[in-house]
Q: 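One structure follows; several queries about it will come next.
One is the number of the first residue; the rest follow in order along the sequence.
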Amino acid sequence: MPFPFDTLKYRTRSQRRLVFAKNGMVCSSQPLAAQAGLDILRRGGSAVDAAIAAAAVLTVVEPTSNGLGGDAFAQIWMDGRLYGLNSSGPAPALADAEFLRSRFGRMPERGWYGVNVPGIPAAWAEAHRRFGRLPFAELFTSAVSYAEEGYPLAPVVSELWRGDFEIFSKHASDGVFRPWFETFAPEGRAPKAGELVRLPALAKSLRELAATDCESFYRGELARAIDEWSRRTGGWLRYEDLAAFRPEWVEPLSVDYRGYTVWELPPNGHGLVVLMTLGILSGFERLDASPRGVHRAIEALKLAYADGKRYIAERSAMEYPASALLDGAYLASRRALIGRSALEPMPGSPDCGGTVYFCTADAEGNMVSWIQSNYQNFGSGVVVPGTGIALHNRGCNFSLDPASPNCLAPGKRPYHTIIPGFLTKGGRAVGPFGVMGAFMQPQGHVQTLINLLDLGMNPQEALDAPRWQWTGGKRIELEPDFDPTLASALGERGHELSRGESINFGRGQIIWRDESGVLCGATEPRADGGIAAY
């Protein structure tokens with residue numbers, strides 16, 4: 001059997017099946033984006049070209065979760081080597097933590113104060129500069145067409161949009177939010193599933209990005225429009241902040257787990273939480289689906305997350321380097337804390353020892369794990385008039401505590417939640433994976449990897465399986481179809497359990513390549529996902 005899992009037997013109640021292909025594949029939360037990426041592959045584009053085309057379409061067809069004003073991260077396997085790209089932007093030069101402490105006492109969620117420099121357009125341009133094959137402007141054809149001519153809205157996005165409209169309706173009297181309603185609710189309501197949606201202002205901006213290699217967003221007409229709206233409505237973001245921004249190429253971090261190597265990007269993202277969790281679990285025998293196995297996974301995640309929330313920040317501000325948090329002796333000390341009963345997790349001391357995710361693959365063996373986000377759905381709610389650009393609110397993840405390494409400061413990047421994953425074995429690319437969903441993301445990564453590498457599930461099963469989510473303390477939220485017998489056993493171990501809606505448990509994609517080059521794709525049942533392949 002070419003793949004190390006059963007490709008026919010399904011132990012979960014899946015309504016999707018694995019997709020196989022040889023020449024290329026794109027897995028996305030939106031079928032229209034997957035098809036746009038496949039079209040680029042068929043034209044001779046690279047996996048990176050396909051990723052950019054899909055990314056551009058996603059800003060149009062899933063604007064609830066991402067847009068031109070968001071951030072992006074990627075892991076790119078190209079010509080036998082893995083590269084990391086961090087395109088998250090810093091706080092503006094005018095950012096003032098003391099002002100926010102005195103006025104609000106915390107980081108505001110909506111409006112200008114959570115807006116950092118957006119990184120998505122710069123990520124597209126930088127990835128293409130290094131690894132692109134087709135002309136940059138060709139990659140925007142589908143996105144411009146859907147924005148200009150319209151597209152039928154997908155069901156899950158429709159539901160998210162409805163909820164977002166209710167949230168922003170509370171701010172309708174505030175003039176800074178007026179362009180949001182003009183752009184995303186021009187008829188005074190959220191669009192419905194199947195309804196044709198047009199975003200002409202966004203189409204114009206996409207054309208501008210295509211024509212200028214995204215320079216306009218940082219050092220041109222779009223940058224001036226962002227600066228002007230910020231000055232008019234009390235924001236901190238300025239043209240100079242945008243002009244100074246450049247994405248950063250980084251070295252991915254890894255741990256070995258069950259014969260595979262799992263790769264995540266280094267801080268300021270929290271992929272480190274995934275690696276710490278797996279490092280703790282690797283000291284146990286292979287996990288099973290018993291109450292003990294699930295309990296151990298939960299406890300390891302809680303301990304890693306407690307450390308992550310305490311220590312992860314901009315790398316230059318971190319109290320300890322990532323290597324200290326991944327040190328074997330330190331992880332063993334954390335593992336020793338796991339017993340039969342649920343813990344109240346506390347950070348240790350290393351001194352003792354709406355987001356979209358998608359992935360692509362081309363016929364040459366190159367693969368991309370890409371994630372981009374507005375953070376909370378539609379981000380800050382600030383839309384630059386006449387552009388369709390919704391600005392993210394990633395700055396909400398800053399602390400205002402002066403003692404925190406993650407405290408807001410000008411030019412500093414915040415603790416970031418979006419994380420693209422990648423899997424290798426023996427120096428060979430196995431493939432990209434990811435689960436979007438804010439603070440659910442490390443938890444989704446861990447559970448998906450356990451399903452794949454401990455329980456032997458195939459990729460579709462691994463995404464379909466019911467999930468749990470740690471929400472703080474001993475509190476664990478379970479999906480509606482989580483096994484009630486297993487839930488009861490977890491409750492006996494001291495976990496405080498509740499049930500939540502499936503849409504809150506992450507949405508993921510996986511591409512797995514076997515040694516012969518055959519691609520196997522899976523997409524999330526909790527989203528409108530689709531796989532395009534040939």
Side-chain angles (χ1 to χ4, degrees), residues 1-21 25 27 254-264 274-275 277-301 359 361 367 369 421-435 442-468 478-479 481-483 485-487 489-490 505-506 508-526 529 531:
M1 185 168 63
F3 294 98
F5 42 76
D6 193 322
T7 59
L8 182 61
K9 181 181 178 183
Y10 282 76
R11 289 162 287 182
T12 58
R13 292 178 290 177
S14 178
Q15 297 191 21
R16 300 178 187 266
R17 290 292 180 263
L18 295 168
V19 174
F20 297 97
M25 180 176 287
C27 299
S254 68
V255 297
D256 292 332
Y257 189 75
R258 312 305 189 205
Y260 291 80
T261 302
V262 180
W263 299 87
E264 299 279 356
V274 178
L275 302 182
T277 303
L278 297 177
I280 294 171
L281 291 174
S282 65
F284 294 123
E285 67 271 18
R286 192 177 296 270
L287 301 184
D288 56 25
S290 69
R292 185 179 72 164
V294 177
H295 168 74
R296 283 178 167 176
I298 291 172
E299 294 301 289
L301 182 282
C359 43
M367 309 175 88
S369 181
F422 205 91
L423 202 62
T424 64
K425 185 178 178 67
R428 175 184 63 87
V430 173
F433 69 92
V435 177
Q443 308 190 55
H445 280 214
V446 166
Q447 291 173 72
T448 298
L449 289 166
I450 288 172
N451 291 341
L452 287 169
L453 307 183
D454 284 284
L455 303 181
M457 293 185 182
N458 68 50
Q460 191 60 58
E461 286 183 295
L463 291 177
D464 291 347
R467 294 177 185 148
W468 48 264
L478 307 175
E479 276 200 275
D481 55 350
F482 195 93
D483 181 357
T485 302
L486 179 54
L490 292 174
F505 285 80
Q509 330 290 331
I510 299 172
I511 295 177
W512 189 298
R513 186 191 296 273
D514 78 351
E515 293 184 5
S516 71
V518 173
L519 301 168
C520 172
T523 186
E524 180 65 63
R526 299 166 187 83
I531 300 172

Q: Search all heavy atoms of Leu478 against all heavy atoms of Ala487 and return the closest pair with its distance.
A: CD1-CB, 3.6 Å
Q: May I ask you to say whether Arg258 pairs ionically with Asp454, meaning some side-chain N is under 4.0 Å from a carboxylate O?
A: yes
Q: Decide yes or no for Pro459 and Leu18: does some side-chain heavy atom of the first lie under 4.5 Å from some side-chain heavy atom of the second?
A: yes
Q: Nearest heavy-atom pair of Cys359 and Pro432: which atoms, and what distance?
A: CB-CG, 3.4 Å
Q: How long is the span from the CG atom in Asp464 to the OG1 atom in Thr448, to the nearest 0.5 Å?
A: 10.0 Å
Q: Can you tell if the side chain of Phe433 reaches within under 4.5 Å of the side chain of Val262, non-hydrogen atoms only?
A: yes
Q: Would you please name every residue forming a salt bridge (Lys or Arg N to Asp or Glu O under 4.0 Å) with Glu524, sequence neighbours left out?
A: Arg467, Arg526
Q: Are any non-hydrogen side-chain atoms of Leu301 and Trp468 less than 4.5 angstrom apart?
A: yes
Q: With sequence neighbours excluded, tell me which residues meet side chain to side chain donor-acceptor pair (under 3.5 Å) with Thr485.
A: none
Q: For Gly293 and Leu287, work out which heavy atoms get closest and say how close.
A: O-CD1, 4.1 Å
Q: Please test Thr523 against Arg16 for side chain to side chain contact (heavy atoms under 4.5 Å, CB included), starting from the C-alpha separation and ending with a verdict.
A: CA-CA 8 Å; Thr523 186; Arg16 300 178 187 266; 3.5 Å; yes
Q: Of all the heavy-atom pairs spanning His445 and Gly434, show the shortest one and how long it is.
A: NE2-CA, 3.6 Å
Q: Kindly write out the residues that satisfy side chain to side chain donor-acceptor pair (under 3.5 Å) with Thr277, not counting sequence neighbours, or none if the list is empty.
A: none
Q: Any non-hydrogen side-chain atom of Phe3 less than 4.5 Å from a side-chain atom of Phe20?
A: yes
Q: Minimum heavy-atom separation for Leu275 to Ser254, with atom names?
A: CD1-N, 3.8 Å
Q: Do Pro291 and Leu486 have side chains that get closer than 4.5 Å, going by heavy atoms?
A: yes
Q: Is the shortest side-chain heavy-atom distance between Pro525 and Gln460 below 4.5 Å?
A: yes
Q: Out of curiosity, Met25 CE to Ile510 CD1, how far, rounded to the nearest 0.5 Å?
A: 12.0 Å
Q: Drop me the distance from Ile531's CD1 to Gln509's CD, to the nearest 0.5 angstrom.
A: 7.5 Å
Q: Which residues pass the ring-ring contact (aromatic ring centres under 6.0 Å, His included) test with Tyr260, sequence neighbours left out?
A: Trp512
Q: If you look only at distance, which donor and acceptor atoms sit under 3.5 Å apart when one is on a side chain in residues 421-430 and the other is two or more places apart or in another chain?
A:
residue : atom : partner : partner atom : Å
Thr424  : OG1  : Trp263  : NE1          : 2.9
Lys425  : NZ   : Gly259  : O            : 3.2
Arg428  : NH1  : Arg513  : O            : 3.1

Q: Do you know which two heavy atoms are closest between Glu479 and Pro466, and how far apart they sit?
A: OE1-CA, 3.4 Å
Q: Applying side-chain hydrogen bond (donor to acceptor under 3.5 Å, both in side chains) as the test, list every pair that has at least one member in residues 281-291; sequence neighbours left out.
A: Glu285-Arg292, Glu285-Arg296, Asp288-Ser290
